[in-house]
Amino acid sequence: MKIFLMYGPEHGRTINVEADQYCGDFWEVRRTLCGFSYQLTDRKDDEGRRIAVAYRA
């Protein structure tokens, strides 16, 4: 599944994630070294990619 990262230090980046690659609670799909957690939402962008929003972990 293609995921678009919004906000935080990796805003605008697209990553590919398989369903078994979620790395934590709350649908976390990526965690950065500087302390941001990207969590998957139900929303999609104009290109059909799922959106993950950054939160300070």
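For the single chain, residues carry numbers from 1 onward in sequence order.
Pairing each heavy atom of F36 with each of P9, the nearest pair is CD1-CD, 3.4 Å. Residues C34 and R56 come closest through the heavy atom pair O-NH1, 3.0 Å.
No chain of hydrophobic side-chain contacts below 4.5 Å, direct or via other Ile, Leu, Val, Met, Phe, Trp or Tyr residues, connects V29 to Y7.
Using a 4.5 Å heavy-atom threshold, the side chains of I51 and M6 count as touching. Side-chain contact between L40 and I3 is present, with heavy atoms from C-beta onward closer than 4.5 Å. Contact annotation: the side chain of L5 approaches that of R30 to within less than 4.5 Å [non-hydrogen atoms, C-beta and beyond]. At least one side-chain heavy atom of E10 sits under 4.5 Å from a side-chain heavy atom of T32. Inter-residue side-chain proximity for Y55 and V53 is flagged as met; some heavy-atom pair is nearer than 4.5 Å.
Note that R31 lies outside the cation-pi zone of Y38, set by a 6.0 Å cut-off to the ring centre and a 45° limit from the axis.
Using a 4.0 Å cut-off between a side-chain N of Lys or Arg and a carboxylate O of Asp or Glu, R50 and D45 do not qualify as a salt bridge.
Distance CE/M1 to CZ/R49: 14.0 Å, rounded to 0.5 Å. Taking CZ from R13 and CZ from F4, the interatomic distance works out to 12.0 Å, rounded to the nearest 0.5 Å.
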